[in-house]
Student: 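Structure in structure tokens, see below.
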Amino acid sequence: MGWHKKVLRVNLTDGSCTAEALNMQWAAEYLGQRGLATKYLLEEIDPQVDPLSPENKLIFATGPLTGTMASTSGRYSVVTKGALTGAIACSNSGGYFGAELKFAGWDMIIFEGRALSPVYLLIQDDRVELLPADDLWGKSVWETDEILHRRHQDPQLRISAIGQSGEAGVLFACVVNDLHRAAGRSGVGTVMGSKNLKAIAVRGTRGVQVKDPIRFMNAVNEKKRILAENAVTGQGLPTYGTQVLMNVINEVGALPSKNANDVQFDGASRISGEAMHQPRASDGKPNLIANKACFGCTIACGRISKMDQTHFAVVNRPEYWGASGGLEYEAAWALGAATGVDDLEALTFANFVCNEQAFDPITFGSTLGAAMELYGMGLITDADTGGIALNFGSAEALTKMAELVGRGEGFGKVLGLGSKRLCEKYGHPELSMSVKGQEFPAYDPRGIQGMGLTYATSNRGACHLRSYTVASEILGIPEKTDPLATEGKAGLVKAFQDATAAVDSTGLCLFTTFAWSLDDFQPQVDAACDGEWSLERLSEVGERIWNMERQFNLAAGFTGKDDTLPKRLLKDAAKSGPAKGRVNGLEQMLPEYYQLRGWDESGVPTRETLSRLGL
Amino acid sequence: MRYAIIGAGPTGVVAAETLRREDAQAEIVVVGGEPEPAYSRMAIPYLLAGQIEEAGTYLRHSPDHFDALGIKCVRDWVKGVDSNTRRLSLHSGETLAFDRLLVASGSHPVKPPVSGLDQPAIHHCWTLQDARDIAHYAAAGSRVVLMGAGFIGSIIMEALARRQVKLTVIEMGDRMVPRMMDQTAGNLIKRWCIAQGVDVRTSTEIRRVVPDPSGASRYLVQTAQGGEIAADLIVVATGVRPNVEFLAGSGIEIRQGVVVDEYLQSSAVGIYAAGDVCEGFDWNTGKHSVHAIQPVAVETGRLAALNMSGCKVRYQGSLGMNVLDSLGLISTSYGLWQGADGGEAAQLLDEANYRYIKLQFDGRRLVGAITLGFTEHVGVLRGLIQSRIDLGDWKARLTRDPSRVMEAYLATIQ
Amino acid sequence: MMRSLSITPAKCTGCLQCEMACSFEKEGVFNPARSRIKVFLFEHEGRNVPYTCTQCADAWCKNACPTEAIQINAVTGAKEVINSLCVGCKVCTIACPFGTVNYSHATGKVIKCDLCGGDPACAKACPTEAITFIDADWTGYQKMRGWAERTDTQSSAQA
């Protein structure tokens, strides 16, 4: 239970949509969502395929608790081989789409092949149709959303789509659902675009059932109370969203600024969660107008912002005057600190455009930061940029480039390659702040040592959401560790990675882990799903998933040599703050990490490890 | 005070109960000729479809409901009304004195001028007795011709289809439910019904009904267009008319129905009318018209009773509204669905999926609507129309996407 | 003292816990499509509006019902659908000017809020107190009821 035990397979090449039984053996071993979809992908594609070829597959997967009354049950993941990275890609999104897919009676959709011309998928419970999308091609996510709602006369249709960036092949295009919730990283939207798939529209009326409803509700209610009473999930996140972190991380000297040249940003307070609450000088209104929850979420960290209508980016452009998804911490960091821009409204605009045209603000901001450094070095010129000066701190550069990337036009095409390819193109690969092709976000590993190992070993390329040791190193969750120490971080990272892999496979949100440990997920999973789900079993599932993802990457051609960090983090000492004078001590952590993982010295899981995990 | 109510349908029953609430001492008599306890014609199709028993059509389910309220039920037909002496004369020869009278005599089905309709196995579907007769002939597999695809015909169609008869529907108009649906919707409903296996023929006129000489079926139904349709049972649903014949000579003004003022009082002081028989103000146009629909029946019954009891309440006029389930396709229409003079319309149409919504505006007010395939929150269309709310900028938004009526309602009214 | 649901849209985050709680309480399944309460999302205004029956005094649905299938619960004051009497004619769905009675394809009958017999599941599930169950006199429903009088074809009594 928790499942409908039904997978929708959509072959875009021949246009067929078929229902098939969910592999319950795999569900028992990989739980759902991230784990289960990755298992399907690994079984069904050659990890060496070109991510943008028809041979790659694209999976939209819910978890067993998606659409239930468990708090934060609105999650789904998009799993594929990443366009940006060539590694396993698994991007998690909230909003309402995932739960709606489940309500329609589907646990997962597997897209394969490539449509001859643009299509979208319409799901109304059992009724599934691939429909022509020629008229939607070239439209933004927002326009697509409006057109499909009107066309199908159903305001409650939930829509997941790509924007123009994904059509144009911007390598970090994402999939945006419900206007501003994103499966954001690794270019999952680029893969969707390469398949000529514009959107999925779903309406479900079948609902979800769980194994033991009474026990489930008891567990759910108890765990909701824990979220409500916790300082982070009960107060910090609802009040400031993830942006609660901007000033905190800046103070600890772990806010990578201007392409990680610095670890503190003097404009941090102006782009912080606190700043979003402040009335603006121009119109006296704050940037933030409301909290927004995803489906089922009792935390409500989502930000809804309205722009200053007189801001240069939106003057006479009323399409940007309405309320929409506001800045999350990592987006604010990327669009702001990474580029040196401290104009909150310009950041909000760029963030709107990221949603409107569906591309990843983290990679975009970091790539723009690298381009600004190259521009400062005279390697990128006005001739390249179409006359736009890419100076650090330029809000105009930020907003204009966001729009160009959004449409995949002009210099936006070059930025659309991501920082790794951009910096290679201009002869300075070391200036790309990326690992396995993906840019790291808003936590500088010189100031938070564990995040160095997190980025280096993240299976989807640099990412904070694979082992958020910031929780321990800065916030003291579940216990405080020293952010500047490397000792013990290998074990911390492994524990976070395994637990996160399990959490990402439940259908619930990782942000609950500020208040919950796996102990809190266990009774909810156990009451909802067939079989017995002990804590040990959940932990093992997490570790199994992590190793499976590793196997995918090894088969795709990655090696232990890719478990590294940009030279800047390893060589250039932090210039200010508590971490002043430090670099990241990856070499002290990595061997221990391999050992704890049961991997050999080159980072390959040993036969014993694989057999212990049943891989 | 002696109150008499002519008619034991929903209007009469609601009126009697309202009178009792307002006046604990009054003498209240309800006169109705049908042999069964007060029942709802609305429920008959569900009886025919086998979803409920006869008792399920009863308006009140407690057997001593009226006794307990001290409401006297007289089973008789009214032959005449003397507004001067304030007496009813009954079929049985009795007379009944009243101080105030409510005419809630409802309406009756009419037969079209077609020869051969006065034979066995040809029935209206109006009374419980009709339902029993139809049930008798409408066995699974029998050939049934339904004359008329108006609102009532269409509801009966659903019931007959559920009895698994071989069904042909003949409608003179150029579409189904022509008085409730526009061309687009009426034709979509027709297409839908045909797809569900019902033979629907519009723009078709029946000339005569003759016995089937071959004996293979009971009748042959001959159309003006030259067709012949075999039938074992013919159900006639070609319209209803107010029951006003017995009021001849009463001095009460009658046009189509009993003409009433804004307090539902007829031209004769102390004599009121409500429900199908009453010709009151149309909410949209302000002109007199008959609205033979359930919501109007109970609303006017209640209001007439309040006025009769001395609590003066003005009636704002009746708003036409209908909801129809045609073999699973649900449609509604409200108010000026044909549009207001000088008004504007907005619509969305998805023919392949039988979805349609059309809104009619007069300035920035909503005055009418048609929907097909919508079931959620349709009532707000009534709310938007009857509140006469100024839609403000939601007029433009609704023009762009008429399916956003619920949001328009919440944004403008809440 | 009778109690009623009080809704404060400004506190609503759009999590839809109320819809799930309602469908679970009334139908034993997590399924917003079967909920008697519905949250409307105004994306461009950043506003979420929970919406359900106010158990209005006019009881348009009850009056319009041809089979006495909507009755008043003497304890809670709620207008309840009596399933055994409802024939699914849908007249109440077009008669209720608030749009809070809906036809359920799954059951062939109408569904509406019945206050869960006096302990509404939606209010219990709401994490932000956007929906509370309080003494009737205190509810924001007065506004809606006032509106009901404006739209009224039933009664506008002249004192």
Side-chain angles (χ1 to χ4, degrees), chain A residues 15 17 96 100 103-104 119-136 139-159 161 178-179 199-207 289-290 292 304 306 309 318-324, chain B residues 181-182 184-185 188-189 192 195 328-334 345-360 366 369-381 383-384 391-412 414:
Chain A
C17 303
Y96 301 97
E100 198 72 25
F103 294 145
V119 293
Y120 69 99
L121 181 70
L122 176 67
I123 302 175
Q124 291 159 316
D125 290 337
D126 286 344
R127 232 181 110 194
V128 176
E129 279 180 285
L130 271 179
L131 296 165
D134 302 275
D135 61 327
L136 299 174
K139 297 273 192 284
S140 71
V141 170
W142 294 358
E143 290 165 326
T144 301
D145 192 276
E146 192 197 340
I147 292 167
L148 290 181
H149 276 116
R150 207 165 59 216
R151 180 174 300 165
H152 298 292
Q153 302 177 37
D154 188 353
Q156 290 176 58
L157 210 54
R158 309 294 189 191
I159 292 159
D178 302 293
L179 298 173
I200 305 165
V202 59
R203 177 76 194 280
T205 65
R206 295 173 172 273
I289 63 159
K292 174 77 187 167
I304 298 297
K306 259 191 190 179
Q309 296 176 11
E319 65 269 33
Y320 296 104
W321 294 354
S324 194
Chain B
M181 287 289 145
D182 65 9
T184 304
L188 270 178
I189 296 174
W192 168 269
L329 179 61
I330 296 170
S331 52
T332 68
S333 73
Y334 279 101
Q347 69 168 57
L348 285 174
L349 174 62
D350 177 0
E351 287 196 43
N353 294 297
Y354 300 97
R355 280 179 84 81
Y356 180 51
I357 180 165
K358 183 173 199 171
L359 304 179
Q360 296 288 355
L366 186 70
I370 289 177
T371 70
L372 211 58
F374 286 82
T375 54
E376 286 173 38
H377 311 291
V378 286
V380 296
L381 287 167
L384 283 170
L391 290 164
D393 66 349
W394 274 94
K395 157 87 184 290
R397 290 199 234 182
L398 284 178
T399 301
R400 196 168 160 73
D401 185 351
S403 72
R404 305 251 170 202
V405 283
M406 188 65 208
E407 285 133 292
Y409 170 85
L410 287 171
T412 54
Q414 292 290 298

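By convention in this document, chain letters (A, B, ...) are assigned in the order of the sequence lines, proteins followed by strands, and residues within each chain are numbered from 1.
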Student: Identify which part of A/Gln124 has an atom lying under 4.5 Å from any heavy atom of chain B, answering side chain, backbone, both or neither.
Tutor: neither

Student: Does A/His152 reach the side chain of B/Arg355, with side-chain heavy atoms less than 4.5 Å apart?
Tutor: no

Student: Is any side-chain heavy atom of A/Pro155 less than 4.5 Å from a side-chain heavy atom of B/Glu407?
Tutor: yes

Student: Taking NZ, NE, NH1 and NH2 as the nitrogens, is one of them in A/Arg203 or B/Glu376 under 4.0 Å from a carboxylate oxygen of the other?
Tutor: yes

Student: Can you tell which part of B/Tyr356 gets under 4.5 Å to a heavy atom of chain A, answering side chain, backbone, both or neither?
Tutor: backbone

Student: Which region of A/Arg151, side chain (C-beta onward) or backbone (N, CA, C, O), has a non-hydrogen atom less than 4.5 Å from a non-hydrogen atom of chain B, or is it both or neither?
Tutor: backbone

Student: Run A/Arg150 and B/Arg404 through side-chain contact (heavy atoms from CB on, under 4.5 Å) and show every step you take.
Tutor: CA-CA 9 Å; A/Arg150 207 165 59 216; B/Arg404 305 251 170 202; over 6 Å; no

Student: Atom CG in B/Leu348, atom CD in A/Gln153: separation rounded to 0.5 Å?
Tutor: 4.5 Å

